[in-house]
Amino acid sequence: MSTKDLWTRRQLFQHGITAGFALAVAPATAKVITTPSKGLVNDTVSIPCGNESMPGYWAMPEGKGPFPVIVVIQEIFGVHAYIQDICRRLAKEGYVAIAPYLYFRHGDVTKMKDIQQIISEVVSKVPQKQVWEDLDSTMKWLDKNPKADTSRTAITGFCWGGNVVWMYAAHNPKLRAG
C-alpha cells in the first residue's frame with residue numbers, strides 16, 4: 001500500500017459521517033399505533049343534521065365530567081382507524097373528542113382506494129357551507145351532552161381537515177382554539 005492510498009483524517013471523518021448518515025436514514029418498519037379504550041367511553045354516534053343523521057366517532061374519559069371538547073376533522077380519507085385513534089388519544093388526555101363524518105351525503109371514502117376517485121366523486125362535492133352547517137349541528141348535539149363542556153371547545157384537522165379548521169374557526173367565534 002502506498003502513502004497515496006491512505007486516507008487523510010478529513011477523508012476518514014467525511015466517509016464516517018456519510019456512512020453514519022446512511023445507516024441513520026435506513027428504512028424503518030412502521031407499526032400501527034392503537035390507543036387502548038380502557039378507561040374511555042368510545043363509540044360511533046349519530047348526529048342530527050336537519051332531516052338527516054350524520055355518523056361520527058367519539059371518545060371521552062369515563063367519569064363525571066364535564067370535559068373540554070376537541071372536534072377532530074378528518075382528512076380526505078374519512079373517519080378511518082387513524083382518526084378514531086386520534087379521538088381516543090385526546091380522550092386519554094381528558095377531552096371529549098368527536099370526529100363527524102362530513103362526507104356522509106356523498107359516499108364512504110374509507111372503501112375507496114383511488115385518490116382521484118375520492119376527490120372527484122366525494123371531496124369535490126362537499127360544499128364549504130354544508131361543512132359549516134354540519135359542524136354547527138355537531139356543536140348543538142354536543143351542547144345537549146352533560147359530559148361535554150362546549151364553552152371549552154377546540155378544533156383540529158388533518159390534510160383537507162386543516163383547511164376546514166381555519167374556515168370553521170372564522171365561522172364560529174365560540175371556538176377557543178384551532
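Note that the numbering runs from 1 along the sequence shown for the chain. These figures come from a predicted structure and were not determined experimentally.
Transitive grouping of hydrophobic side chains (ILVMFWY, heavy atoms separated by less than 4.5 Å) keeps Leu142 and Leu40 in distinct clusters. When hydrophobic clusters are built by joining Ile, Leu, Val, Met, Phe, Trp and Tyr residues whose side-chain heavy atoms come closer than 4.5 Å, directly or via intermediates, Trp166 is not grouped with Met139.
At most 12 heavy atoms of other shown residues, nucleotides or ligands fall within 6.0 angstrom of atom CD in Glu93.
Between Phe158 and Gln74 there is no side-chain heavy-atom pair separated by less than 4.5 Å. You'll find the side chain of Asp134 stays beyond 4.5 Å of the side chain of Val131, heavy atoms only. Using a 4.5 Å cut-off on side-chain heavy atoms (C-beta onward), Gln84 and Val79 make contact. Side chains of Tyr101 and Val109 form a contact here, defined as non-hydrogen atoms less than 4.5 Å apart. Between Ile155 and Tyr168, the closest side-chain pair of non-hydrogen atoms falls below 4.5 Å.
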When the side chains of residues 48-61 are checked against the rest of the protein, which donor-acceptor pairs come out under 3.5 Å, sequence neighbours left out?
residue : atom : partner : partner atom : Å
Glu52   : OE1  : Arg105  : NE           : 2.8
Ser53   : OG   : Ser46   : OG           : 2.2
Tyr57   : OH   : Asn42   : ND2          : 2.7
Tyr57   : OH   : Arg88   : NH1          : 2.9

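Separation of atoms CD1 (Ile76) and OG (Ser124) is listed at 11.0 Å; rounding is to 0.5 Å. Between the CD1 atom in Ile73 and the CD1 atom in Ile83 there is a gap of 9.5 Å [rounded to 0.5 Å]. To the nearest 0.5 Å, atoms CG (Asp149) and OH (Tyr95) are separated by 11.5 Å. For the atom pair Lys129 NZ and Asp136 CG, the distance stands at 10.5 Å (nearest 0.5 Å). Remark: Ser137 OG to Trp132 CH2 distance equals 14.5 Å, nearest 0.5 Å.
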Q.
Using side chain to side chain contact (heavy atoms under 4.5 Å, CB included), reason through Ile98 and Val72 one step at a time and then give a plain yes or no.
A. CA-CA 6 Å; Ile98 186 162; Val72 180; over 6 Å; no

Q: Start with the C-alpha gap between Val123 and Phe77, add the side-chain angles, then the distance that decides, and say whether side chain to side chain contact (heavy atoms under 4.5 Å, CB included) holds.
A: CA-CA 9 Å; Val123 178; Phe77 303 109; over 6 Å; no

(Q) One pair to check against side chain to side chain contact (heavy atoms under 4.5 Å, CB included): Ile70 and Val96. What are the steps and the verdict? (A) CA-CA 6 Å; Ile70 298 183; Val96 169; over 6 Å; no

Q: Any chance you could lay out the side chain to side chain contact (heavy atoms under 4.5 Å, CB included) test for Lys174 and Thr153, step after step, and finish with the verdict?
A: CA-CA 8 Å; Lys174 294 180 182 178; Thr153 298; over 6 Å; no

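The minimum heavy-atom distance linking Asp108 with Lys111 is given by the pair OD2-NZ, 3.0 Å. The two residues Val165 and Gly157 have their closest heavy-atom pair at CG2-N, 3.2 Å. In this structure, Gly94 and Pro68 approach most closely via the heavy-atom pair O-CD, 3.6 Å. Smallest separation of non-hydrogen atoms from Pro173 and Arg176: O-NH1, 3.8 Å. Of all the heavy atoms in Pro146 and Pro66, the pair that sits closest is O-CB, 3.4 Å.
Shown here are the salt bridge (charged side-chain N to carboxylate O under 4.0 Å, His left out) partners of Arg89, two or more places apart in sequence or in another chain: Asp85.
In this structure, His106 has its ring center at least 6.0 angstrom away from the ring center of Tyr103.
No salt bridge links Lys140 with Asp143; every basic N to acidic carboxylate O contact stays at or beyond 4.0 Å.
Under the 3.5 Å distance criterion, the side-chain polar atoms of Lys92 are left unmatched by any main-chain donor or acceptor of Ser37.
Among residue pairs with one or both ends in residues 60-81, none qualify as salt bridge (Lys or Arg N to Asp or Glu O under 4.0 Å); sequence neighbours excluded.
A side chain to side chain contact (heavy atoms under 4.5 Å, CB included) with Leu135 is found for exactly one of Ile47, Leu102, Asn172, Leu175, namely Leu102.
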